[in-house]
Amino acid sequence: MTTADPSELPTLLERSVRAAARKADSMADLPDDLFRELRDTGAFSLLTPRELGGHEAPLTTVLDVYERLGRLDASVAWVVWNANWGFLGALLDERGTARIWNGEKDPVFANSGSPGVAVPAEGGYRVTGHWKIVSGIGGADWFAAVAVVMEGGAPRETAPGVPDVRLFALAREQLSIRQTWDVTGMRGSGSNDVVVDDAFVPGELVARFDRPARLQRPLYRTFVPALVLPGCSAVVLGVAQAAIDETVALATVKKTMNGGVLADAPRTRSAVARAQAELRAAGLLLRSAAGALEAAGEADREVTLDQRADLRAAMSHAADVCRRVLVSMYELGGSASLYRRNRMERIFRDGMAALQHANHSADLFEAVGRVRFGREPGVPLF
């Protein structure tokens, strides 16, 4: 049952997500029944073209869904984010699209941004690589692999100094999964390793970043990496909001040393108010930056380097804010935050794990600064 309005998904899924959270954490992956429900309700088809059964939802709507799911459970939101690669249906030619959307069931993707290598072969490419931390790979039908095209033992270039980086859609049977996800945070995301050894990928299952999408509609005229990059930041905004929610609930009952409740302490009130203000501001900045790209797509205007820099800055800023909020709320909870029966324990470790993603690296501020000084960012797919 695909919901007609993607904004309804977090409400529709809330009970199932909350009920499965502990089981997902213990088994280090999403339970099969929850994964099927996510597929059946269209949670993995937010960016998929309408004619392929997807929502083709605006970017800001998609980010809102990720954030609200993150407020429910970080691992579920993370898998939903990483599975939403249905925009490949707008990039691939009709032959490639027909191979993936073959009428049997809605395909589910997984992806890793780290590159493998691809060597040209007759009719396509031979792809090899080892991709670490591939969230949701256990339930995926297809792996959307990023790989650098190699010729003569060196990266092929599309322009001086610009490597030829493409997307390769590999079927599940072409890869092997290594069970490496032995971690503390985001356990339910099932982020195991993927290994591909010299797999043939036909040309119709290869997409390029540097060419316009086949489907020239507003969503797909947006800078393609922007359909992916800010999703992880939206998730952690939701996780940080969950930390505030849990702290407020705890503070009304947790006793302090003087016999009152935590909510009566001025320090508690000030910390919660400051955290909420900073978090809302960070969310508004991220949505504003994403909205500028969305507006460019609707107006058929090219997304500028400055707009892409604004998005990256908003993502890094959101990460900084979320980290402060998580630490502040965890600290306020005192010893209660240590216990697994307290939801804050899992919120904190999940949120901090999500903030370790490369997209949240503080180094990206330097890349944004380079743009502000009129230089190239020096970061791939910026």
A.B. asks: With a 4.5 Å limit on heavy-atom distance, are the side chains of Glu94 and Arg214 in contact?
C.D. replies: yes
A.B. asks: Under 6.0 Å between ring centres, would you say that holds for Phe109 and Trp101?
C.D. replies: yes
A.B. asks: Quick check for you: to the nearest 0.5 Å, what is the distance between Glu294 atom CD and Thr61 atom OG1?
C.D. replies: 6.5 Å
A.B. asks: State whether the number of non-hydrogen atoms from other residues, nucleotides or ligands found under 6.0 Å of Leu59 atom CG is greater than 12.
C.D. replies: yes
A.B. asks: Side chains of Leu219 and Leu227: does their closest heavy-atom pair fall under 4.5 Å?
C.D. replies: yes
A.B. asks: Measure the OG1-CZ distance between Thr256 and Arg267 for me, rounded to the nearest 0.5 Å.
C.D. replies: 10.5 Å
A.B. asks: Judged by atom type as modelled, is there a donor-acceptor pair below 3.5 Å linking the side chain of Thr247 to the main-chain atoms of Ala243?
C.D. replies: yes
A.B. asks: Which atom names give the shortest non-hydrogen contact between Ala226 and Thr222, and what distance separates them?
C.D. replies: CB-CG2, 4.3 Å
A.B. asks: Hey, are Thr304 and Asp306 close enough side-chain-wise for a donor-acceptor pair under 3.5 Å?
C.D. replies: no
A.B. asks: CD/Gln307 to CD/Glu302 distance, rounded to the nearest 0.5 angstrom?
C.D. replies: 9.5 Å
A.B. asks: For Asp198, look at atom CG and say whether over 12 heavy atoms of other residues, nucleotides or ligands are found less than 6.0 Å away.
C.D. replies: yes
A.B. asks: About how many Å separate CD1 of Ile244 and CE of Met344, when rounded to the nearest 0.5 Å?
C.D. replies: 9.0 Å
A.B. asks: Quick one: does any side-chain atom of Arg370 pair with a main-chain N or O of Glu376 as donor and acceptor, under 3.5 Å?
C.D. replies: yes
A.B. asks: Going by ring pair (Phe, Tyr, Trp, His ring centres under 6.0 Å), name the pairs with one or both residues in residues 308-351, residues two or more places apart or in two chains.
C.D. replies: Tyr330-Phe348
A.B. asks: Under 3.5 Å, side chain of Thr41 to main-chain N/O of Glu37, donor-acceptor pair present?
C.D. replies: yes
A.B. asks: I'd like to know if the side chain of Asp197 and the backbone of Ser176 have a donor-acceptor N/O pair within less than 3.5 Å.
C.D. replies: no
A.B. asks: State plainly whether one hydrophobic cluster holds both Val76 and Val183, where clusters connect Ile, Leu, Val, Met, Phe, Trp and Tyr through side-chain heavy atoms under 4.5 angstrom apart.
C.D. replies: yes
A.B. asks: Within the structure provided, determine whether Asp264 and Arg269 are in side-chain contact (heavy-atom separation under 4.5 Å).
C.D. replies: yes
A.B. asks: How far does CE of Met186 sit from CG of Leu355, to the nearest 0.5 angstrom?
C.D. replies: 9.5 Å
A.B. asks: Under 6.0 Å from the CZ atom of Arg15, do we count more than 12 heavy atoms belonging to anything else shown?
C.D. replies: no
A.B. asks: Thinking salt bridges, do Arg372 and Asp310 make one under a 4.0 Å N-O criterion?
C.D. replies: yes
A.B. asks: Flag the pair Arg323 / Met352 as yes when at least one side-chain heavy-atom distance between them is below 4.5 Å, and no otherwise.
C.D. replies: yes
A.B. asks: So do the side chains of Pro202 and Arg99 get within less than 4.5 Å of each other, counting heavy atoms only?
C.D. replies: yes
A.B. asks: So, Trp131 versus Phe143, ring centres under 6.0 angstrom or not?
C.D. replies: yes
A.B. asks: I'd like to know if the side chain of Asn342 and the backbone of Glu345 have a donor-acceptor N/O pair within less than 3.5 Å.
C.D. replies: no
A.B. asks: Quick one: are the ring centres of Tyr220 and Phe87 less than 6.0 Å apart?
C.D. replies: no
A.B. asks: Assess, by modelled atom type and distance only, whether the side chains of His360 and Ser233 contain a donor and an acceptor separated by less than 3.5 Å.
C.D. replies: yes
A.B. asks: Please step through side-chain hydrogen bond (donor to acceptor under 3.5 Å, both in side chains) for the pair Gln276 and Gln241, ending with a clear verdict.
C.D. replies: CA-CA 8 Å; Gln276 190 67 79; Gln241 182 61 60; 2.7 Å; yes
A.B. asks: State, with a plain yes or no, whether a side-chain heavy atom of Asp164 is found less than 4.5 Å away from one of Arg166.
C.D. replies: yes
A.B. asks: Assess whether salt bridge (charged side-chain N to carboxylate O under 4.0 Å, His left out) is satisfied between Glu246 and Arg346, documenting all intermediate values.
C.D. replies: CA-CA 11 Å; Glu246 290 298 312; Arg346 181 162 46 82; over 6 Å; no
A.B. asks: Keeping the roles fixed (side chain from Asn82, backbone from Ser135), state whether a donor-acceptor pair exists under 3.5 Å.
C.D. replies: yes
A.B. asks: Carefully, step by step, assess Asp141 and Lys105 under the rule salt bridge (charged side-chain N to carboxylate O under 4.0 Å, His left out).
C.D. replies: CA-CA 10 Å; Asp141 307 301; Lys105 59 182 178 179; 3.3 Å; yes
A.B. asks: Is atom CZ of Arg178 surrounded by more than 12 heavy atoms (other residues, nucleotides or ligands) closer than 6.0 Å?
C.D. replies: no
A.B. asks: Nearest 0.5 Å please: distance from the CG atom of Leu63 over to the CZ atom of Arg287.
C.D. replies: 8.5 Å
A.B. asks: Taking Ala275's backbone N and O only, do any of them form a donor-acceptor pair with Arg324's side chain (distance below 3.5 Å, no angle check)?
C.D. replies: no
A.B. asks: Are the side chains of Arg36 and Asp33 in touch, meaning some heavy atoms are under 4.5 Å apart?
C.D. replies: yes
A.B. asks: Taking the side chain as everything from C-beta on, heavy atoms only, tell me whether Leu237 gets closer than 4.5 Å to Leu286.
C.D. replies: yes
A.B. asks: Sort and list the pairs that fulfil ring pair (Phe, Tyr, Trp, His ring centres under 6.0 Å) and have at least one residue in residues 246-271, not counting sequence neighbours.
C.D. replies: none
A.B. asks: Got a donor-acceptor contact below 3.5 angstrom from the His357 side chain to the Asn359 backbone?
C.D. replies: yes
A.B. asks: Please check: side-chain N/O of Glu56 versus main-chain N/O of Leu46, any donor-acceptor pairing under 3.5 Å?
C.D. replies: no
A.B. asks: Just wondering, are more than 12 heavy atoms of other shown residues or ligands nearer than 6.0 Å to CZ in Arg274?
C.D. replies: no
A.B. asks: Please check if any side-chain donor atom of Thr180 sits under 3.5 Å from a side-chain acceptor atom of Asp193, or the reverse.
C.D. replies: yes
A.B. asks: My understanding is that only one of Trp85, Trp81, Phe35 makes a ring pair (Phe, Tyr, Trp, His ring centres under 6.0 Å) with Phe44; could you say which?
C.D. replies: Phe35
A.B. asks: Taking the basic N atoms (NZ, or NE/NH1/NH2) and the acidic carboxylate oxygens, is any pair closer than 4.0 Å for Arg221 and Asp300?
C.D. replies: yes
A.B. asks: Is Asp245 salt-bridged to Arg71, cutoff N-O under 4.0 Å?
C.D. replies: yes
A.B. asks: Would you tell me whether Trp78 and Ser189 have side-chain atoms, one donor and one acceptor, within less than 3.5 Å of each other?
C.D. replies: no
A.B. asks: Salt bridge check, Asp25 against Arg349: does any charged N sit closer than 4.0 Å to a carboxylate O?
C.D. replies: yes
A.B. asks: So for atom CD, which belongs to Glu51, do other residues, nucleotides or ligands contribute more than 12 heavy atoms lying within a distance under 6.0 Å?
C.D. replies: yes
A.B. asks: Between Arg39 (side chain) and Asp106 (backbone), is there a donor-acceptor pair under 3.5 Å?
C.D. replies: yes
A.B. asks: Testing Val119, Leu205, Val117, Val149 one by one against Tyr125 for a side chain to side chain contact (heavy atoms under 4.5 Å, CB included), which residue passes?
C.D. replies: Val149
